[in-house]
Amino acid sequence: MKIKLNPSSPFNLDATLCCGQTFRWDKQGEWWYGVVGESVLKIRQTENCLEIENTDTHFVKNYLGLHDDLTSILSQISKDKHIKQAIATFTGLRILRQDPWECLISYICATYKNIAAIKRMLLNLSCRLGDKVWLDSYDFYTFPTPEKLAKASAGELAKCSLGYRAKYVHETAKMVYENLVDFERLKKTDYDEARAELLRFPGIGQKVADCILLFSLDKFEAFPIDVWIKRVILRHYKSHFSAEFISKIEDKQSLTNREYEKLSLFGRKYFGKFAGYAQEYLYHYERTLH
DNA sequence: CAAGTGCCTTTATC
DNA sequence: AGATAAAGGCACT
């Protein structure tokens, strides 16, 4: 099946799937394969066209964020030469509409890990506790359900090399399995309320909450601060903070809650209601071209 | 090749 | 409030 891409609404499949927002896509030749929900999706991009297999147009357009008016969003966040450089390099990078449950567990796993290791952990979880699905003679695995993770033994989770994250994943899975969160409701509530709810789960701090809000709960003002974005701020946006604040966070590797809040709030105020888009462009640019 | 460093941080404790 | 330490183990240099 083919989707015609409108030149006035840019899309960059490689940047979108490589930028670190999602961890379960792999490229085989020119095709991207990824398990989304119960099935394996297969996608490739040619000049002005997206070719998809094993899914329907409506679902894929929503998942890939193709309904976002990207031209308008990019013009709104184009505040200075640094973000403009990142946008020029990766025009068409879009924020996916990921499944909140998978996103939540993924980012609990993502703390203090590099992307390769995160992919490995999530693959381990899926192979051991998900269901096998096939496409083109490749094996894939669905992401484990809340029930599966809630009922998994400590030993099974330990084998997935989650480390100290295993107990957070397990506790959080049990809470989700007991219906202590309603993701569809969180999509409709505002940023602050949705964030406060996520912060109740073990293993979810400010940064993880902001990632879940941005990547799966339609909160595009969320501006997650990780080590890479902190570097970007220290390199290009120092002037927006006091000298003593900057020297304080330059010295230490970790941020206090208050310091995190200050950096994240800067992002939200400076870039506006699509700050999260700015964050992704800056993050991907910093990681790949610096 | 071994060993050190860093990793899209959170939590517990003082 | 703020500082400090601890918590897997993999990937990269």
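Reminder, nothing fancy here: chain letters follow the sequence lines and each chain counts from 1. Remember, it's a predicted structure, so these values are computed and weren't measured experimentally.
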Task: No-hydrogen, no-angle side-chain donor-acceptor test under 3.5 Å, Asp210(A) and Tyr191(A) - done: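 Side chains of Asp210(A) and Tyr191(A): pair found under 3.5 Å.
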TODO: Would you kindly say whether Arg24(A) and Ser126(A) are connected by a side-chain donor-acceptor distance under 3.5 Å?
DONE: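 Yes, side-chain donor-acceptor contact under 3.5 Å.
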Mutual orientation of the aromatic rings belonging to [X] and [Y] [parallel < 30°, tilted 30-60°, perpendicular > 60°]:
X         : Y         : value
Tyr237(A) : Phe266(A) : tilted
Trp32(A)  : Trp25(A)  : perpendicular
Phe59(A)  : Tyr63(A)  : parallel
Tyr138(A) : Tyr33(A)  : perpendicular
His67(A)  : His58(A)  : tilted

Does [X] reach a base, just sugar-phosphate, or nothing at all? Heavy atoms under 4.0 Å.
X         : answer
Ile204(A) : sugar-phosphate
Tyr260(A) : nothing
Gln206(A) : sugar-phosphate
Cys109(A) : nothing
Gly20(A)  : base

Open item on the list: Could you check whether Lys262(A) makes a cation-pi contact with Phe245(A), meaning its NZ or CZ is under 6.0 Å from the centre of the six-membered ring and within 45° of the ring axis?
Closed with: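 Relative to the ring axis of Phe245(A), which defines the angle, Lys262(A) lies inside both limits.
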Without decimals, in angstroms, what is the distance between [X] [atom1] and [N] [atom2]?
X         : N       : atom1 : atom2 : value
Lys230(A) : dG6(B)  : NZ    : C1'   : 13 Å
Trp228(A) : dG6(B)  : CH2   : P     : 11 Å
Ile118(A) : dG8(C)  : CD1   : C1'   : 13 Å
Ile233(A) : dC8(B)  : CD1   : P     : 16 Å
Lys159(A) : dG8(C)  : NZ    : C1'   : 17 Å
Gln253(A) : dC8(B)  : CD    : P     : 15 Å
Asn257(A) : dT13(B) : CG    : P     : 17 Å
Ile108(A) : dT9(B)  : CD1   : C1'   : 12 Å

Open item on the list: Tell me the closest heavy-atom pair linking Gln98(A) and Gln21(A), and the distance in Å.
Closed with: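 Between these two residues, the closest heavy atoms are NE2-O, 2.8 Å.
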Task: For Leu122(A) against Ser106(A), the heavy-atom pair lying closest together - done: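 Between these two residues, the closest heavy atoms are CD1-OG, 3.5 Å.
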Task: dG4(B), syn or anti by chi within 90 degrees of zero - done: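 The base of dG4(B) is oriented anti (glycosidic angle more than 90° from 0).
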Task: Check: Asn12(A) side chain, Asp14(A) main-chain N or O, donor-acceptor pair, under 3.5 Å - done: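 Yes, the answer is positive, given that a donor and an acceptor are paired below the 3.5 Å cut-off.
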Open item on the list: Closest-nucleotide mapping onto DNA chain B: is Tyr283(A) or Leu199(A) further toward the 5' terminus? I mean the 5' end.
Closed with: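 Per heavy-atom nearest nucleotide, the more 5' residue is Tyr283(A).
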Open item on the list: On DNA chain B, compare the nucleotides closest to Gly203(A) and Ile115(A); which residue's is nearer the 5' end?
Closed with: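 Final value for this comparison: Ile115(A).
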TODO: Test Ile229(A) against Glu286(A) for side chain to side chain contact (heavy atoms under 4.5 Å, CB included), laying out the working first.
DONE: CA-CA 8 Å; Ile229(A) 289 297; Glu286(A) 178 72 12; over 6 Å; no
Open item on the list: Rounding to an integer number of angstrom, what distance separates dC8(B) and dT13(C) when you compare their P atoms?
Closed with: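 The same atom, P, in both gives a distance of 13 Å.
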Open item on the list: Would you measure the distance from the C1' atom in dA2(B) across to the matching atom in dC10(C) and give it in whole Å?
Closed with: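 Comparing C1' positions in dA2(B) and dC10(C) gives a spacing of 16 Å.
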- [ ] In plain terms, say whether Glu193(A) and Arg185(A) are close enough for a salt bridge, that is, a side-chain N and a carboxylate O under 4.0 Å apart.
- [x]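 Salt bridge between Glu193(A) and Arg185(A), a charged N being under 4.0 Å from a carboxylate O: yes.
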For nucleotides 1-3 of chain C, print each protein N/O atom paired with a nucleotide N/O atom at under 3.5 Å, atom names and distance only.
residue: dG2(C); atom: OP2; partner: Arg258(A); partner atom: NE; Å: 3.1

TODO: Hunt down any stem DNA chain C takes part in, defined as 3 or more consecutive Watson-Crick or G-U pairs whose two distances are each under 3.5 Å.
DONE: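 Stems found: B:3-7 with C:9-13, B:9-14 with C:2-7.
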Close N/O contacts between protein and nucleotides 9-13 of chain C (under 3.5 Å):
residue: dG9(C); atom: N2; partner: Lys113(A); partner atom: NZ; Å: 3.4
residue: dG9(C); atom: N3; partner: Lys113(A); partner atom: NZ; Å: 3.1

